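Pasting in a structure now, in structure tokens, and then I'll have a few things to ask.
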There are 2 protein chains.
Amino acid sequence: MQNNIRVKLAVFSILEGKLVIHGDNHLPVTDLKKRESLDSCVSELFDNATGNTLSDFYSEQLYTVDHPFSVVYFALIPHFQILNKVAVFKPINSHKFGHPDAEIVSYALQRLQWKIEYTNVVYSLLPDEFTLSELQTVYEAILNKKLDKRNFRKKMLSLGLLTSSGRKKKGVKARPAEIYTFKSRNPQIVKIFS
Amino acid sequence: MQNNIRVKLAVFSILEGKLVIHGDNHLPVTDLKKRESLDSCVSELFDNATGNTLSDFYSEQLYTVDHPFSVVYFALIPHFQILNKVAVFKPINSHKFGHPDAEIVSYALQRLQWKIEYTNVVYSLLPDEFTLSELQTVYEAILNKKLDKRNFRKKMLSLGLLTSSGRKKKGVKARPAEIYTFKSRNPQIVKIFS
DNA sequence: CCAAAAGTGTTGCGTATACACCCATGG
DNA sequence: CCATGGGTGTATACGCAACACTTTTGG
């Protein structure tokens with residue numbers, strides 16, 4: 001009747017326009033202590049990995065596997081928020097083959113790809129203020145394909161998740177971009193199923 | 001480090017055009033035995049509940065909760081396949097309030113509602129042969145709303161999941177309906193994300 | 001011939017896609 | 001004045017929703 005329970009975490013971030021994931025050749029794992037909640041266990045893992053606090057970012061439970069028995073989560077954090085400077089983040093592609101957690105990474109990516117189509121969770125990969133181009137870069141990194149600029153902007157603005165700050169990015173050697181923020185930095189589902 | 005793991009199962013079926021769920025005032029649960037796989041544990045639960053074999057039907061893992069620690073699954077079975085004649089199946093609505101597993105049932109229903117929009121998993125609620133009206137009844141029970149007959153038929157046929165048998169239902173006191181089968185009785189995702 | 005359920009098309013609308021040029025700034 | 005990235009509109013295609021009558025059978 002007694003079993004060991006492990007909790008595993010995939011932490012995604014964006015680095016130089018690429019989707020990266022924490023961990024060198026495996027995802028961070030820890031044992032769930034007796035009477036410890038799943039939430040606090042994941043938070044601890046996240047703190048170890050990033051030096052930051054999970055409750056300030058987006059995370060969700062992915063799946064539970066056995067052999068060994070593990071509950072798997074993923075989380076999203078902007079790269080500049082990773083305070084743990086020895087943390088290793090590697091491009092998602094390097095986890096494709098031969099990686100012990102390759103299946104998990106692949107499934108997590110798929111879930112993330114679905115999720116960004118109908119929620120605002122990418123807020124958790126960006127600073128408070130950003131330009132539409134920066135936002136588009138994040139989408140392209142996650143979806144692993146180029147998007148059309150005009151269509152992307154139309155869609156994003158029509159979803160009503162963004163607020164224009166009225167200010168513009170200064171000091172760039174090109175036309176300055178409008179600065180946007182997310183209306184809410186909590187998970188919001190946008191497509192209503194009637 | 002040692003924790004008890006439980007496995008919980010929501011079994012859905014269709015009875016008299018209504019979505020029903022197995023269990024009287026709680027969902028069936030069992031302890032995961034040491035070194036037992038999740039799959040075999042769920043299969044055992046399903047067998048107890050229905051007298052039938054899980055591998056012949058559709059099931060999926062839903063979520064893992066703690067306090068108490070449980071991995072929750074749901075499964076779909078046509079009513080005539082329930083061989084255990086003492087099994088209790090109750091309409092989904094009776095689980096709305098005051099039910100100890102109400103949250104789980106509600107989440108399972110939501111997942112099921114999403115799933116039938118882009119997969120063929122309803123095969124697991126129907127006999128091999130069925131009419132489009134019977135299929136529509138199943139969709140209406142799950143979605144809890146009336147659907148337009150013409151639009152429903154157009155959509156179903158265009159998805160390419162069904163085969164017409166060429167035969168018609170005999171002995172009915174109205175115009176006999178064409179009999180259809182599912183091309184595949186394994187889970188198929190129809191919307192391709194390019 | 002009547003009751004009961006099966007079967008069948010068209011139109012409008014909203015959303016997704018494809019596509020190319022001008023604008024504002026720094027150096 | 002040039003290089004860099006920001007910003008904009010239109011036309012087409014496709015999927016979804018609304019909507020009513022005719023057909024086939026059994027009794």
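Quick caveat: nothing in here was measured; it's all calculated off a predicted structure. By convention in this document, chain letters (A, B, ...) are assigned in the order of the sequence lines, proteins followed by strands, and residues within each chain are numbered from 1.
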Completion exercise
Separation of C:dT15 atom P from A:Tyr118 atom OH, nearest Å, is 19 Å
Exercise for the section: Would you mind telling me which residue lines up with the more 5' stretch of DNA chain D, A:Arg175 or A:Arg150, judged by nearest nucleotide? Expected result: A:Arg175
Problem - Interatomic distance, B:Glu178 CD vs D:dT24 P [rounded to whole Å] - result: 14 Å
Exercise for the section: Kindly say whether, by distance alone, the side chain of B:Lys154 makes a donor-acceptor pair under 3.5 Å with the base of C:dT10? Expected result: yes
Problem - side-chain hydrogen bond (donor to acceptor under 3.5 Å, both in side chains) evaluation trace for A:Glu178 with A:Tyr180 - result: CA-CA 7 Å; A:Glu178 183 81 17; A:Tyr180 289 84; 5.4 Å; no
Exercise for the section: Measure from NZ on A:Lys168 to C1' on C:dT25 and round the result to the nearest Å. Expected result: 11 Å
Handout entry: Min side-chain heavy-atom separation B:Thr30-B:Cys41 under 4.5 Å
Key = yes
Practice task
Find the distance A:Lys145:NZ to C:dA16:P and express it as a whole number of Å.
Solution key: 12 Å
Practice task
Quickly work out the A:Lys173 NZ to D:dA3 C1' distance and round it to whole Å.
Solution key: 10 Å
Practice task
Report the distance from atom CE of A:Met156 to atom P of D:dT8, rounded to the nearest whole Å.
Solution key: 16 Å
Exercise for the section: Nearest whole angstrom, please: distance from the P of C:dG7 to the CZ of B:Phe152. Expected result: 12 Å
Handout entry: Full working for side chain to side chain contact (heavy atoms under 4.5 Å, CB included) between B:Leu9 and B:His22
Key = CA-CA 9 Å; B:Leu9 176 63; B:His22 176 270; over 6 Å; no
Practice task
Ignoring the backbone of A:Asn151, work out which of C:dT25, C:dT17, D:dA17 is nearest its side chain.
Solution key: C:dT17
Exercise for the section: Give me the ring orientation class for B:Tyr118 and A:Trp114: parallel if the planes are under 30° apart, tilted from 30 to 60°, perpendicular past 60°. Expected result: perpendicular
Problem - Nucleotide D:dC19, atom C1' - distance to CG of B:Leu147 in whole Å - result: 15 Å
Practice task
Would you indicate, yes or no, if D:dG5 has its OP1 or OP2 atom less than 4.0 angstrom from a side-chain nitrogen or oxygen of A:Ser133?
Solution key: no
Exercise for the section: Could you tell me which non-hydrogen atom of B:Phe12 sits nearest to which non-hydrogen atom of B:Val105, and how far apart they are? Expected result: CZ-O, 4.5 Å
Handout entry: Short side-chain N/O contact to D:dG7 OP1/OP2 from A:Arg153, under 4.0 Å
Key = yes
Handout entry: Any donor-acceptor N/O pair under 3.5 Å between C:dG7 base and B:Lys149 side chain
Key = yes
